[in-house]
Amino acid sequence: MYVKQPPMGWNTWNTFGPEISDRMIRESADAMIDQGLRDAGYEYVVIDDCWSKRERDPETGKLVADPEKFPNGMKSVADYIHEKGLKFGMYSCCGVRTCANYPGSFDHEFLDAETFAEFGCDFLKYDNCFRPASANSPLLYQRMGTALSMCGRDILYSACNWGSDDVWSWIRSAGAHMYRSTGDILDNFKSFTDIAASQYDKKLAASAPNCFNDMDMLTVGMFGNGNVGTSGCTEEEYRTQFALWCMASTPLMLGCDIRKMTKETKDIVTNRALIEINQDPDCRPPFLLNNQGERKTYAKRLANGDFAILFLNFSDKERNGYAYFEEMGVTAASGYRVQMTDLFTGEEREPAREFTTVSVPEHGCRIYRAKLVR
Ligand code: GAL
């Protein structure tokens, strides 16, 4: 299986935690279509932790769906999702139990991979709790990588060891298509900006097609509600989160209740111009153009020769952001000017030479697509 672009979808964990059910999943699959998410490129409907019975089937040793949450079984949920033209994701863990204390796949990797294939699963998120002390993380991720590749079905392998053990240095060789690079996101400004800061500048260079750095599920649109809801974020902060995730070409896995998004949330997460930046076929990492501490400017080189430019202002007042085009290789002697289009408002700026200044809202961003023109 070859995963060319950062996967896009929705995952239950951020909003629902353990409160998952057949009905809620079907309604969310419906929402993927009714809210225009499928048309914008979102594809995977992923059930996170807490879907199984507390113990394996005593006779077959297999994982079994909790009959109270999923009275029709998992295959029926998968069929429903597939009928909608979507793909189905599930969750397990490389330790003996999952993080929420359900059976994990340790020593059952091959049986479980076959079970996920029987369920009709297209995506497996694989967590890192309750590992026996003698079993190191790279080895256990290798095992599931092999089990998935032998299970007879294409299953996208989404590793989740929270960035531990220098995951970026070995996870591609374990067969993963994406890998969590940080601890869990919470729905507040500090959490998502800390996550981005920990990956931008250095770690994103190892992220590329077929094995993407995953900065965790988005909290855009949660407004403090649900399982990882804390203080919540403002709309401006959510725009900034989405822009940071797009520039990083990190998977776009929504985490809000997609059945009940506000218009503003929908506008953010279905912004085609931004999604194009995220899905750019080259998936090149952003690089720093200007650093003023709480204000930073990043650029990302795109496959067609354009750049994306992101101005960030993490201070608590509106401030100017700067971009020096020299840092993008656009010298004054080249004769090129840089023409920027705002990806949230569509506003086009006058082509500029050498540098530009942009006013950036507090805890906010401005993001542009930039063309070189003579
Ligand atoms: C964490 C993981 C979360 C979620 C949770 C489920 O380890 O990072 O994204 O899957 O476990 O218990």
Side-chain angles (χ1 to χ4, degrees), residues 6-21 24-25 28 44-55 63 65-66 69-70 74 88-106 112 116 121 123-132 135-138 140-141 144 155-165 167-168 171 174 176-188 191-192 194-196 198-199 203 212-222 225-230 241 245 250-258:
M8 294 172 65
W10 170 80
N11 174 304
T12 53
W13 185 253
N14 279 2
T15 293
F16 298 97
E19 308 296 323
I20 52 181
S21 69
M24 182 275 281
I25 301 297
S28 300
Y44 291 96
V45 173
V46 183
I47 302 180
D48 208 283
D49 204 350
C50 311
W51 62 269
S52 76
K53 282 174 81 163
R54 288 281 179 187
E55 301 304 332
L63 294 169
D66 178 336
K69 292 173 178 166
F70 298 99
M74 277 302 163
F88 178 44
M90 293 192 70
Y91 166 100
S92 189
C93 181
C94 71
V96 291
R97 306 290 289 175
T98 72
C99 298
N101 200 17
Y102 291 79
S105 290
F106 180 78
D112 289 355
F116 288 121
C121 173
F123 176 114
L124 180 68
K125 174 170 168 182
Y126 204 49
D127 218 332
N128 195 37
C129 287
F130 295 104
R131 260 191 294 123
N136 70 45
S137 192
L140 296 188
Y141 282 90
M144 187 48 98
I155 299 185
L156 187 153
Y157 185 17
S158 166
C160 176
N161 88 334
W162 323 302
S164 60
D165 301 306
V167 64
W168 55 271
I171 194 68
H177 301 103
M178 56 193 262
Y179 57 98
R180 273 278 299 284
S181 50
T182 71
D184 289 13
I185 198 167
L186 298 174
D187 186 24
N188 62 64
S191 173
F192 82 76
D194 283 353
I195 285 178
S198 75
Q199 300 307 302
K203 303 274 179 61
F212 296 96
N213 180 319
D214 170 14
M215 302 200 309
D216 207 353
M217 286 94 66
L218 293 151
T219 68
V220 178
M222 288 183 65
N225 296 309
N227 189 41
V228 306
T230 43
Q241 182 182 126
W245 264 231
T250 194
L252 297 177
M253 302 301 293
L254 302 172
C256 67
D257 185 345
I258 54 175

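Because the structure is a prediction, the values reported are computed rather than measured. As the structure lists them, so they are numbered: ligands from 1, and atoms in each ligand from 1.
- Exactly one of Tyr141, Tyr126, Tyr179 qualifies for a side chain to side chain contact (heavy atoms under 4.5 Å, CB included) with Asn161. That residue is Tyr141.
- Residue Cys160 approaches ligand 1 through these ligand atoms, each under 4.0 Å from one of its heavy atoms: 2 (C), 8 (O).
- The nearest protein atom to atom 12 (O) of ligand 1, hydrogens excluded, is given as Asp49 OD2, 2.7 Å; this is a heavy-atom distance.
- The shortest N or O to N or O distance between Asp216 and ligand 1 is not under 3.5 Å.
- For ligand 1, the polar-atom distance check finds an N/O of Asp127 within less than 3.5 Å of one of the ligand's N/O atoms.
- Phe123 places none of its side-chain heavy atoms less than 4.5 Å from the side chain of His177.
- Among all protein heavy atoms, the one lying closest to atom 3 (C) of ligand 1 is Asp184 OD2, 3.5 Å.
- Of all protein heavy atoms, the one lying nearest to atom 9 (O) of ligand 1 is Lys125 NZ, 2.7 Å.
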Go through it in stages, so that I can follow the logic: the residues are Leu63 and Trp51, the test is side-chain contact (heavy atoms from CB on, under 4.5 Å), and I'd like the CA-CA distance, side-chain angles, deciding distance and then a yes or no. CA-CA 10 Å; Leu63 294 169; Trp51 62 269; 3.8 Å; yes
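- Not a single heavy atom of Thr98 sits less than 4.0 Å from an atom of ligand 1.
- Distance check: Met217 CE to Cys160 SG gives 7.5 Å after rounding to the nearest 0.5 Å.
- For ligand 1 and Cys99, the ligand atoms under 4.0 Å from any heavy atom of the residue are 7 (O), 11 (O), 12 (O).
- Geometric assessment of Arg54 against the ring of Tyr102 yields a positive cation-pi assignment under the 6.0 Å and 45° thresholds.
- Within ligand 1, counting atoms from 1 as listed, the ones closer than 4.0 Å to a heavy atom of Tyr91 are 6 (C), 10 (O), 12 (O).
- Set against the non-hydrogen atoms of Trp162, the atoms of ligand 1 under 4.0 Å away are 1 (C), 2 (C), 7 (O), 8 (O).
- Residues Val228 and Asp184 fail the side-chain proximity criterion, which asks for heavy atoms closer than 4.5 Å.
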Take Thr98 and Phe130 through the side-chain contact (heavy atoms from CB on, under 4.5 Å) test and state the conclusion after the steps. CA-CA 7 Å; Thr98 72; Phe130 295 104; over 6 Å; no
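- When the SG-SG distance for Cys129 and Cys99 is compared with the 2.5 Å cut-off, it comes out below that value.
- Counting protein heavy atoms only, atom 10 (O) of ligand 1 is closest to Asp48 OD1, 2.6 Å.
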